[in-house]
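Chain A is the first sequence line, chain B the second, and so forth, proteins listed ahead of strands; every chain is numbered from 1.
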Amino acid sequence: MIDCDIHPQIGDPEELLAHVETGQRDWFRGQPYFGLPGYSWSHPSSWYRKDLAADGRPPGADVEAVQRELLDPSGTAAGVLNADDAVLASLMPSPYRAAALARAHNDWIRERWLERDARLRGAIVCPAQDPEEAAREVRRAGEDPRFVHVVLCGGSERPYGEPRYLPIFEAAAELGLPVAIHSGGEGMGIAAPPGGAGPVTFYIEWHTLGSACSTMAHLVSLLVHGTFERLPSLKVLLIEGGIAWLPGILWRLDTNWRALRSDTPWLDRKPSEVAREHVRFSTQPLEHTDGHDELLWEMLEAAGAPDVLCFASDYPHWDFDDPAFMLKRLPEAWRERVLHENAAALYGERLGLVPA
Amino acid sequence: MSDWHDVGSLADLERDGHVVARVEGREVGVVAVGGDLRGVRNRCPHHGGPLCLGTVERRVTGRPGGYDLADELVLRCPWHGWEFDPLTGACLDDSALRVAVYPAKAVDGRVLIDI
């Protein structure tokens, strides 16, 4: 089993700050939450699973906790650590603070996590609001083959197909790294509002719309800008934005492409075909269908499933998908591909490499 | 016919809010619901979470724009927060889901469940 979305928590801020350049360390120390934009829409109860022991630290703040609560019982062969907090650096007003925090986080992941369990893999955080600097960080951190993808947050100033972001995707493609876009951060800091109709009111609204709408927007943007025509080796993984909507948005996009092709004449085949080839989707949080799972599987097949789906747990968050439960819920013929093979193909050689 | 099983100490239940044990092949727990004890299968019918490790709390209710705490106590799953009636086992927001519930009692400092 390969888990594309594990969230390591920062138990001791000083562990992370030790990796920040000295000239900026006191600034970060003096800010709440490292100066990252805070959530305007907060979970009414807890961001975390409530059954996890924490002893005053956040759940999932230690390698041992992740081993005990996730990796060992599930038999996970490899798990990718996506930054919970630092990925929001892209939404800080200051690209300079964002760059310092991203660098520190990547170094912290390497030292505190990757060195301590050979099953863990890293996700490169970068300051997307400064794409040239972000590309430099992708190349720097990506020298370590244990980093297996670049992670951007769903919240952004503009959709990621915009040419301004190309340096990030170019750097990733050059290194053979997929770019993961993980929902979250919509409406925070310098990000556009979530939902597409102005700021939302409730967490339930943000969690329903923010993640799905930003994921749809990035998917369509990357496709219509011709990102994959520019970078034929690029792969993108969309994490935690839902998947039940996928066939609908691709049918809609294909229909519009036939009628409006001259708007984006560089698209010489159906966008859904490009998506099948270049885009993968995490399963979590797999929609609860009120007894209509068969319908969900059939619709997803129309969008390329099971080959486009990769398992993700989202440990230790409250909307976590349990590996054992997912093993039973997925159609038997899909399991091996969704739980392991698709991610293995997506990450390729980096998944098996360790530094010399 | 009653079939009472010892699932733990009352002191542990009072400290943690629950005790959990395996009885006849099933993982079950007992939670404190107000002043009473209630036995509950320790597997959430939504996603398989350890339901007895959740919280017993008053259900939040309200009309549009208003919030109130009902007297009704619910058992909230520690994973996804789905709420269950600890007396009937019914999921309060999905009529298709129900968790098995059992009588429970304390005798001489021990917690017993009737499976």
Between [X] and [Y], is any pair of side-chain heavy atoms under 4.5 Å apart?
X        : Y       : result
B:His80  : A:Arg49 : no
A:Asp322 : B:His47 : yes
A:Asp319 : B:Trp79 : no

Is the count of non-hydrogen atoms from other residues, nucleotides or ligands lying under 6.0 Å from [X] atom [atom1] greater than 12?
X        : atom1 : result
A:Glu332 : CD    : no
B:Arg63  : CZ    : no
B:Leu69  : CG    : yes
A:Glu287 : CD    : yes

How many angstroms lie between atom [atom1] of [X] and atom [atom2] of [Y], to the nearest 0.5 angstrom?
X        : Y       : atom1 : atom2 : answer
B:Thr55  : A:Lys50 : OG1   : NZ    : 4.5 Å
A:Trp318 : B:Cys77 : CH2   : SG    : 11.5 Å
A:Asp290 : B:Ser95 : CG    : OG    : 8.5 Å
B:Glu57  : A:Ser45 : CD    : OG    : 6.5 Å

Open item on the list: Pair A:His288, B:Trp82 - check side chain to side chain contact (heavy atoms under 4.5 Å, CB included), show working.
Closed with: CA-CA 12 Å; A:His288 182 79; B:Trp82 291 34; 3.7 Å; yes

Open item on the list: Checking A:Arg116 now: which residues fulfil side-chain hydrogen bond (donor to acceptor under 3.5 Å, both in side chains) with it, not counting sequence neighbours?
Closed with: A:Glu64

Open item on the list: Report which part of A:His317 has an atom under 4.5 Å of a heavy atom belonging to chain B: side chain, backbone, both, or neither.
Closed with: neither

- [ ] Please report the closest heavy-atom contact between A:Asp51 and B:Pro50, naming both atoms and the distance.
- [x] OD2-CG, 3.5 Å

